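Below: the structure, in structure tokens.
Quick caveat: nothing in here was measured; it's all calculated off a predicted structure.
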Amino acid sequence: MSLMEAPERNLAFDLVRVTETAALASARWLGRGDKNAGDGAAVDAMRLSFNSLPIRGRVVIGEGEKDEAPMLYNGEEIGTGQGPALDIAVDPVEGTNLLAYGRPNAIAVVGAAPAGSMYDPGPSFYMRKIVVGAAARDAIDLDSPVEENLKKVAAALGKDVNDLVIFVLDKPRHAELIREIRRVGARIQLHTDGDVAGALMAADPRSEVDMMIGTGGTPEGILAACAIKGMGGAMLARLDPQSEKEKLAILEAGLDLEQTCDVNSLVRGDDVFFAATGISGGTFLRGVHFHGQGAVTHSMIIRSKTGTVRYVESHHNWQKLMRISSIQFD
């Protein structure tokens, strides 16, 4: 009889404290039209929370280079300097416009993996992606026509094509994609923003979304891969520069524009952690609900090693929390 491995610390429980604080701080800016203020509040809260964690973290996916972003920048070291060495991916407010204009599905997101295991996108801003849940993980091909992918996913799910719901970002670059999906007969959810949330919806069996397809952010793709790896879904992606300047920068950085990436090439580590907390609410994660004495948050946490996905409802008490927290949530 082989000995079973003893349970290890699940860092996702630490990470969800980080996303909860970011969500609580930024949710005060819901619908107030100032995306920078909302994002800034989330970043400040997230940094303070990170620096209390016993990790040696380095931000691989952040908000730009140090000189360009006074936020959580690429290369920033976070944590107490003790504990496991980790690559960190962050998006304090995924969907800053959604938050600013009071629209659904703004979320606070963090991913973590063993140091050196995350794909470094360098100067790449955009990536073409297809994301599905576990039941259709073998049904997609980035080089196949849209119609073929839709038919194969429908067959894998035991559905007709016209039963499918496809998440697509409502951007001019997707005009032909949207026409093709409609021609084939699938249904579409058009979203102005929310690349990570869209990937999570496609991978989550509780969601009505069956697939996400189209070109979105490269950093967001790596963040989503941290979650999809634990959820058992699949993502295929390829760098998709949207300008000649971006294309030349990618080539100069030595990145391969022809490479098809999956979740295991975007995040190579076996023990990957992910946490997300809803800010503005929506069909995926409920948003922050404030009441007189505190607030309620809704989060998901994932550990790839065990494949465990948890949905967490947290009740925060201002009177007690403010005694120990340097973050002003109320």
Side-chain angles (χ1 to χ4, degrees), residues 11-23 25-26 36 38-96 106-127 195-196 199 216-230 239 249 253 255 261 263 265-269 271-277 279 299 301-304 327:
L11 290 173
F13 286 109
D14 292 319
L15 297 182
V16 78
R17 290 168 47 210
V18 176
T19 58
E20 283 176 349
T21 56
S26 61
N36 291 330
D39 192 42
V43 170
D44 291 343
M46 190 171 271
R47 178 179 279 117
L48 283 169
S49 295
F50 261 128
N51 287 334
S52 69
L53 300 186
I55 62 172
R56 290 177 289 134
R58 179 177 175 273
V59 177
V60 175
I61 305 299
E63 299 194 314
E65 301 303 321
K66 182 176 182 179
D67 293 338
E68 299 173 3
M71 307 295 190
L72 283 157
Y73 57 85
N74 298 344
E76 181 173 353
E77 295 182 357
I78 54 178
T80 63
Q82 298 178 332
L86 300 172
D87 285 349
I88 302 292
V90 301
D91 199 341
V93 179
E94 202 250 341
T96 52
I107 57 177
V109 190
V110 172
S117 62
M118 277 189 191
Y119 179 86
D120 186 345
S124 172
F125 297 112
Y126 291 96
M127 174 180 275
D195 203 348
V196 177
T218 305
E220 288 82 355
I222 298 163
L223 257 168
C226 293
I228 295 166
K229 191 161 189 172
L239 302 184
L255 298 175
C261 299
V263 293
S265 53
L266 292 174
V267 190
R268 297 188 304 276
D271 210 5
V272 180
F273 306 91
F274 177 87
T277 300
I279 302 174
S299 307
I301 59 175
I302 303 171
R303 185 183 187 185
S304 69
I327 304 168

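Here Ala89 pairs with Ile61, Met118, Leu223 under the side-chain contact (heavy atoms from CB on, under 4.5 Å) rule; sequence neighbours left out. Pro114 meets the side-chain contact (heavy atoms from CB on, under 4.5 Å) test with Ser117; sequence neighbours excluded. When the side chain to side chain donor-acceptor pair (under 3.5 Å) test is applied to Ser265, the partners found at least two apart in sequence or on another chain are Asp262. Residues passing the side-chain contact (heavy atoms from CB on, under 4.5 Å) test with Tyr126, sequence neighbours excluded: Arg173, Thr215, Gln242, Glu246. Remark: Ser304 pairs with no residue by the side chain to side chain donor-acceptor pair (under 3.5 Å) rule, at least two apart or across chains. Under the rule for a side-chain contact (heavy atoms from CB on, under 4.5 Å), the partners of Ala253 that lie at least two apart in sequence or sit in another chain are Pro123, Leu255. The side chain to side chain donor-acceptor pair (under 3.5 Å) test applied to Ser26 returns no partner, not counting sequence neighbours. Applying the salt bridge (charged side-chain N to carboxylate O under 4.0 Å, His left out) rule to Asp14 yields the partners Arg9, Arg17; only residues at least two apart in sequence or on another chain are considered.
In this structure, the side chain of Lys229 does not engage the main chain of Val272 through any donor-acceptor pair within 3.5 Å. Side chain of Arg56 to main chain of Gln82: no donor-acceptor pair is present (N/O by atom type, distance under 3.5 Å, no hydrogens or angles). No side-chain donor-acceptor contact under 3.5 Å links Asp195 to the backbone of Glu220.
Taking all atoms of both residues into account, the shortest heavy-atom contact from Pro84 to Pro54 is CD-O, 3.5 Å. When all heavy atoms of Phe273 and Leu15 are compared, the closest pair comes out as CB-CD1, 3.8 Å. Between Ala108 and Ala23, the closest heavy-atom pair is CB-N, 4.2 Å. Closest approach of Pro92 and Asp39 over heavy atoms only: CB-OD1, 4.0 Å. The two residues Asn51 and Thr80 make their nearest non-hydrogen contact at O-CG2, 3.7 Å. Val110 and Phe50 get closest at one heavy-atom pair: CG1-CZ, 3.7 Å.
From Thr19, atom OG1 reaches atom CD1 of Ile107 across 9.5 Å, with rounding to the nearest 0.5 Å. Within the model, atoms CD1 of Ile302 and CD1 of Ile228 stand 9.0 Å from one another, a figure rounded to the nearest 0.5 Å. Rounded to the nearest 0.5 angstrom, Leu239 CG and Thr218 OG1 are separated by 5.5 Å. Atom-to-atom distance recorded for Ile88:CD1 and Met46:CE is 10.5 Å, nearest 0.5 angstrom. For the atom pair CD1 (Ile78) and CG (Leu53), the distance works out to 8.0 Å, reported to the nearest 0.5 Å.
The salt bridge (charged side-chain N to carboxylate O under 4.0 Å, His left out) pairs that include a residue from residues 71-95 are Arg47-Glu76, where partners are two or more places apart or lie in different chains.
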Q: Apply the test side-chain contact (heavy atoms from CB on, under 4.5 Å) to residues Val18 and Val90: give CA-CA distance (whole Å), side-chain angles for both, the deciding distance (0.1 Å), then the verdict.
A: CA-CA 10 Å; Val18 176; Val90 301; over 6 Å; no
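In this structure the side chain of Phe13 reaches within 4.5 angstrom of the side chain of Ile301, judged on heavy atoms. Within the 4.5 Å cutoff, no side-chain heavy atoms of Thr21 are placed close to those of Leu48.
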